[in-house]
Amino acid sequence: MTNFARLNQALGLQRSSASSKQKVQPITGVVKNDENSGDLSLASITSDLHDISNPNKPIPSDLAYNSWVVEHPSALGSFDRMMKAAKWKRIVVFLDYDGTLSPIVDDPDRAFMSDEMRAAVREVAKYFPTAVISGRSRDKVKEFVQLSNVYYAGSHGMDIMVPPRPLRPCDANNHTTAMDIKGSDVLFQPAKRFLPAIQEIRTLLEEITRKVEGARVEDNRFCISVHFRKVREEDYGILEEKVKSVVGKYPEFHLTLGKKVLEIRPSIEWNKGHALEYLLETLGFSNSSDVLPLYIGDDRTDEDAFKVIRSRGQGFPIIVSSTPKEDTKACYSLHDPSEVLTFLLRLARWRKASSSSRSLAQIWGVGSNLHRSV
């Protein structure tokens, strides 16, 4: 076993050989530095991380990232090849928000996207159907993005507003109709029946987190986020136990971990991958073999969308990460939001340059309501 593998083991991460999906499983108990066991303690491994002269020493983070990028090449470096594959096909763009269009910040209310990023998304949406799928509430992410020519899906896809379409029987109970200034749009809300319980949980969480300095509860309508980026590290465990004590009283909900955030969601079979499929269907692209979904996201919740694109056999799942994400289903990578900005600008320029004399409506085969305000 290499020292790099031992480091993962000491950190409590060990890949299960029983699954081809490379699931990460925690190791129970404490790793001991026993001379007879051959295992290394975390301290003994990390103490010489700086020494790379010995090939058996752990791999520095930059080398590990560069190695990972070989398997998940930069979408910027691969741009020409990607667009060659997209020639004569229709790209539909899906974007996460936090960590993708905006940097991750300590205060979730100040996760503002730059004016340059907003202009880039606006430009992309001129040429491609574009949707933002976020864990934030739909109203909150729309307030951040401030664009009328994109679609918005909030609460990890549990709150979507789209133009009306014929309802299937299985959809009927999940829709409510909302009027906007340009006519009638349809709200798709598969978790609507959980709203009363969600508000109860939010109230309880606000009460129990008051005594944990730095903790912040955010109401995302169909899910609740407990941010702990400002919480002292020694209080992480206390906060987690408090949150678990509340969620345990509601068997129809479950707890997930994001980037310095605990999220409480209804236990329904709906995620960002389902939202992507729903939007493709609603926009008339679900049965089109010439459609290439392009999804850019940084969070583990975006993996569901990456899986859907993989299952379709065509499209561009792109992860935003400055560290190796070994279990990602993404095919391509971008280092950070600044690279996302560069990619989006390049994508818009590519389409603008390659547009023929035909109108955009003819190119994409969609109606004039495609980019109307949502």
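Throughout, numbering of the chain's residues begins at 1 and tracks the sequence.
- Side-chain atoms of Arg229 and Ile104, non-hydrogen and from C-beta on, do get closer than 4.5 Å to each other.
- Looking only at side-chain heavy atoms (C-beta outward), Phe343 and Ile296 come within less than 4.5 Å of each other.
- Here Asp106 does not pair with Lys230 in a salt bridge; the nearest charged N to carboxylate O distance is not below 4.0 Å.
- Residues satisfying the side chain to side chain contact (heavy atoms under 4.5 Å, CB included) test with Leu345, not counting sequence neighbours, are Ala120, Leu341, Arg349.
- Salt bridge present: Lys244 and Glu240 bring a charged side-chain N and a carboxylate O closer than 4.0 Å.
- A salt bridge links Glu123 and Lys126; the closest N-O separation between the charged side-chain nitrogens and carboxylate oxygens is under 4.0 Å.
- Using a 4.0 Å cut-off between charged side-chain N and carboxylate O, Asp98 and Lys259 make no salt bridge.
- Side-chain contact between Val70 and Asn66: absent, with no pair of heavy atoms (C-beta onward) separated by less than 4.5 Å.
- Residues Lys140 and Asp109 are paired through a salt bridge, judged by an N-O separation under 4.0 Å between the basic side chain and the carboxylate.
- Closest approach of Gly99 and Val320 over heavy atoms only: O-CG1, 3.6 Å.
- With a 4.5 Å cut-off on side-chain heavy atoms, Phe94 and Pro293 count as touching.
- In terms of the side chain to side chain contact (heavy atoms under 4.5 Å, CB included) criterion, Lys211 has no residue partners (sequence neighbours excluded).
- Side-chain contact between Arg265 and Phe194: absent, with no pair of heavy atoms (C-beta onward) separated by less than 4.5 Å.
- In this view, Arg210 and Glu207 satisfy the side chain to side chain contact (heavy atoms under 4.5 Å, CB included) rule, not counting sequence neighbours.
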